[in-house]
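This report refers to the structure that appears directly beneath it.
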Amino acid sequence: MPDLSVQVGPLTLKNPLLLASGTWGFGEGLSHHLDLSVLGGVVTKGISLNPRPGNPPPRLAETPCGLINAIGLENPGVKVFREKILPSLLAKIKGPILVNVFGESREEFLAVVEALKDEPVAGFELNVSCPNVEKGGLSFAQDPEAVKTLVQEVREVYTGFLSVKLSPVGPVLAVAEAALKAGADALTAANTYPALAVDLWQRRPALSRPGGGLSGPAIKPLTLKLVFDLWQRFKAPILASGGISSGRDVLEYILCGAAACQIGTATLIDPENPARILRETEKLLTALKEEKIFPLRGSLRLDA
Ligand SMILES: Cc1cc2nc3c(=O)[nH]c(=O)nc-3n(C[C@H](O)[C@H](O)[C@H](O)COP(=O)(O)O)c2cc1C
């Protein structure tokens, strides 16, 4: 068996596969289809200070090779998460749990991290693809300075593993640089792409909002390029997230610079997919005659 263990900054994972934020609920039902202990880890859905109902339905639209979602970051808020959900997740999932955090202000992000920093979680992933009310609703992801201040402030209260989840649109490299300079251990690349689906017969947007985020195989080549660019520029730990649906996708991302891979939409398509992707990754490594996966990181050949 090849050695699939990887290092993501200070975090050691037994294999490079994590479940991506927002695509597996809190594991309800999923454990009937998937032995969660086989994975390298999981990332929770986005947790905010206060509960959020999310957007009204319809919130999902299928497209060729993709999914558009406008869930609207529905979640029970940090208090219920800490008291009710986290204990059951910890009982169910033996591996590392990263908590995905978002807020509409730095104070909200900080309050969530403060509330959870002494819990036995493996770290935090800050989702900066949300509007910053202090800047009139401009997304944090459009504003490298705001991301720098946010990460610096989080670092003052939390020294454990910290990743910043980038939006693929906007000044991505400047935001990544700001996050790393301010002390983030890793980058998660990336969130969904702004997209629109139309209901022709009603002449309306197909979702309750005139737009949503595109995920799934359709975005894989786009995010792969982004991961490649981030790795070439920063040589920093990257958690890849974008259309990963096979062992081949995992190895492609790793060659382009990812340290680990998050599986999102593929789990929604079939809850057995993460286990299949893991088996495929092992088989491909064996076929490539590699004994370890981690040294392959960033080893895409660029010579003539
Ligand atoms: C239904 C749904 C809900 C999501 N919720 C979150 C979320 O709460 N926080 C977050 O950072 N990303 C969220 N995402 C983005 C995913 O974690 C992932 O980054 C993105 O879907 C790209 O990966 P994929 O193509 O493998 O799905 C969500 C995606 C989907 C499809």
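Read the numbers this way: they start at 1 and go in the same order the structure lists the ligands and their atoms.
- Only the side chain of I219 comes within contact range of ligand 1, with a heavy atom under 4.0 Å; no backbone atom does.
- Residues F81 and T44 meet the side-chain proximity criterion, which asks for heavy atoms closer than 4.5 Å.
- Side-chain contact check for S241 versus Y253: every heavy-atom pair is 4.5 Å or farther apart.
- In terms of heavy-atom proximity, I238 sits nearest to A189 at CG2-CB, 4.2 Å.
- Atoms of ligand 1 found under 4.0 Å from any heavy atom of T192 (numbered from 1 in listed order, with element): 20 (C), 21 (O).
- In I71, the part holding a heavy atom less than 4.0 Å from any atom of ligand 1 is the side chain.
- Across the listed options A20, S21, G25, S21 owns the non-hydrogen atom lying nearest to atom 7 (C) of ligand 1.
- Contact record, A259 with Q7: CB-O, 3.7 Å, taken as the closest heavy-atom pair.
- Interface atoms of ligand 1 facing N100, defined by a heavy-atom separation under 4.0 Å, are 9 (N), 10 (C), 11 (O).
- Atoms of ligand 1 lying under 4.0 Å from at least one heavy atom of G22, given by number and element, are 1 (C), 2 (C), 3 (C), 4 (C), 5 (N), 6 (C).
- In terms of protein heavy-atom proximity, atom 24 (P) of ligand 1 is nearest to G243 N, 3.5 Å.
- Remark: ligand 1 and S241 share an N or O pair separated by less than 3.5 Å (distance only, no angle test).
- In summary, the atoms of ligand 1 found under 4.0 Å from a heavy atom of N127, numbered by their order in the structure, are 9 (N), 10 (C), 11 (O).
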**OP:** Walk me through it: do R59 and E74 pass the test side-chain contact (heavy atoms from CB on, under 4.5 Å)?
**Re:** CA-CA 11 Å; R59 313 198 287 187; E74 174 187 348; 2.6 Å; yes
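- Between G216 and ligand 1, a contact under 3.5 Å exists for at least one N or O pair.
- Looking only at heavy atoms of the protein, atom 21 (O) of ligand 1 is closest to S215 CB, 3.3 Å.
- The proximity of T188 to ligand 1, defined as any non-hydrogen pair under 4.0 Å, does not occur for either the backbone or the side chain.
- Using a 4.5 Å cut-off on side-chain heavy atoms (C-beta onward), T281 and N15 make no contact.
- Interface atoms of ligand 1 facing G264, defined by a heavy-atom separation under 4.0 Å, are 26 (O), 27 (O).
- Taking the six-membered ring wherever Trp is involved, the centroid distance between the rings of F102 and F140 does not fall below 6.0 Å.
- Between T265 and ligand 1, an N or O atom pair is found at a separation short of 3.5 Å.
- A salt bridge links K117 to E114: at least one charged side-chain nitrogen sits closer than 4.0 Å to a carboxylate oxygen.
- Checked against a 6.0 Å centroid threshold, the rings of F124 and Y158 count as neighbours.
- Within the 4.0 Å heavy-atom criterion, the part of L73 lying near ligand 1 is the side chain and not the backbone.
- Of the polar atoms of T23, none of the N or O atoms is found under 3.5 Å from an N or O of ligand 1, judged by distance alone.
- Taking a 4.0 Å cut-off on heavy atoms, G242 registers as neighbouring ligand 1.
- Taking every non-hydrogen atom of G46 and a distance limit under 4.0 Å, the qualifying atoms of ligand 1 come out as 7 (C), 8 (O).
- No side-chain heavy atom of W231 sits under 4.5 Å from any side-chain heavy atom of L300.
- Counting only heavy atoms of the protein, atom 12 (N) of ligand 1 lies nearest to K165 NZ, 3.0 Å.
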**OP:** Before giving the answer on side chain to side chain donor-acceptor pair (under 3.5 Å), spell out for N132 and D143 the whole-Å C-alpha distance, their side-chain angles and the decisive distance to 0.1 Å.
**Re:** CA-CA 10 Å; N132 177 0; D143 190 350; 4.9 Å; no
**OP:** Decide yes or no on side chain to side chain donor-acceptor pair (under 3.5 Å) for S208 and N55, but give the supporting numbers first.
**Re:** CA-CA 7 Å; S208 64; N55 294 325; 5.1 Å; no
**OP:** Go through the steps to decide whether T188 and S163 satisfy the test side chain to side chain donor-acceptor pair (under 3.5 Å), and finish with yes or no.
**Re:** CA-CA 6 Å; T188 303; S163 183; 2.8 Å; yes
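- Here A190 has backbone heavy atoms under 4.0 Å from ligand 1, and that is the only part of it that gets that close.
- For atom 31 (C) of ligand 1, the closest heavy atom belonging to the protein is N69 ND2, 3.5 Å.
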